[in-house]
Amino acid sequence: MTNFKSRVVSTVRRIPPGRVATYGDVAAAAGRPRAARAVGNIMRTCSLRDVPCHRVVAAAGQLGGFGGYLELKRSLLRAEGILVSGNRIREFKTRRWNISRRSVTR
DNA sequence: CTGCTGACTGGTA
DNA sequence: GTACCAGCCAGCA
């Protein structure tokens, strides 16, 4: 496992239940603020059992991707109290987890 | 090494 | 609000 990937994984694992973070947030916390796309790539190859990938969403407040498991992602989020309308996350700004970097909710 | 590929993002129209 | 465009970067062929 590469260093970047391990940092991304540990970052995602630190996201508390009921909270979400964007790919950009995770990338920034991993030390590569512009590697959001690469983070998505990593999420694609990591095992859902070890990493709460469903808590990582797109910056626009949309679900983002989850391969062919978008339904699963929705149900997992709903199980943690996060409501989703279509692919839009309700209360996104307040559900967004404040990672050590990038303090404000833009 | 080069050249794609995306679970992305921000800007512009 | 939507659509398109150009950077972006780790991983893989």
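Keep in mind that what you see is a predicted model, and the values were worked out from it rather than measured. Chain naming here is simple, since letters A, B, ... match the order of the sequence lines and numbering starts at 1 in each.
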From the list C/dA10, C/dG11, C/dC8, which nucleotide is the closest neighbour of the side chain of A/Arg37? C/dC8
Nearest listed nucleotide, side chain of A/Ala35, among B/dT9, C/dA10, C/dC9: C/dC9
What's the CG-C1' distance between A/Leu63 and B/dC8, to the nearest Å? 14 Å
Residues in residues 69-89 of chain A with a heavy atom under 4.0 Å of DNA chain B, by number, are none
For A/Arg37 and A/Asn41, test the side chains for any donor-to-acceptor distance below 3.5 angstrom and give the result as yes or no. no
Send over the distance from A/Asp25 CG to B/dT9 P, rounded to a whole Å. 9 Å
Nucleotide nearest A/Ala38 (side chain, heavy atoms from C-beta), chosen from C/dG11, C/dA10, B/dA7: C/dA10
C/dC12 pairs with, by Watson-Crick or G-U criteria that keep both distances under 3.5 Å: B/dG3
Hey, does the side-chain of A/Arg44 have a donor or acceptor N/O within less than 3.5 Å of a partner on the base of C/dG11? no
Relative to the 5' end of DNA chain C, which residue comes earlier, A/Thr45 or A/Ala36, by the nucleotide with the nearest heavy atom? A/Ala36
Report yes or no: does A/Arg74 contribute a side-chain atom to a donor-acceptor pair with the main-chain N or O of A/Gly86 at less than 3.5 Å? yes
In whole angstrom, what separates A/Arg7's CZ from C/dG11's C1'? 16 Å
Value in whole Å for how far the P atom of B/dG10 lies from OH of A/Tyr23: 14 Å
What is the distance, rounded to the nearest whole Å, between atom CZ of A/Arg32 and atom C1' of C/dG7? 16 Å
Sugar-phosphate only, base, or nothing, as touched by A/Phe4 at under 4.0 Å among non-hydrogen atoms: sugar-phosphate
Mind checking what makes side-chain hydrogen bond (donor to acceptor under 3.5 Å, both in side chains) contact with A/Glu91, not counting sequence neighbours? none
Distance test, side-chain N/O of A/Thr2 to OP1/OP2 of C/dA10, below 4.0 Å: no
Same hydrophobic cluster for A/Val9 and A/Val56, using side-chain heavy-atom links shorter than 4.5 Å among ILVMFWY? yes
Need one value for A/Arg34: base, sugar-phosphate or nothing, where a base atom within 4.0 Å counts as base even if backbone is also close, heavy atoms only. sugar-phosphate
Tell me the interatomic distance from A/Ile42, atom CD1, to C/dC9, atom C1', rounded to whole angstroms. 10 Å
N/O donor-acceptor pair under 3.5 Å between A/Arg95 side chain and A/Leu83 backbone: no
Distance, rounded to the nearest Å, where A/Met43 contributes CE and C/dG11 contributes C1': 14 Å
Hey, is the main chain of A/Cys53 close enough, under 3.5 Å, to the side chain of A/Lys73 for a donor-acceptor pair? no
In Å and rounded to the nearest 0.5 Å, what is the CZ to OG1 distance from A/Arg19 to A/Thr94? 7.5 Å
For A/Asn41 and B/dC8, what is the distance between atoms CG and P respectively, to the nearest whole Å? 9 Å
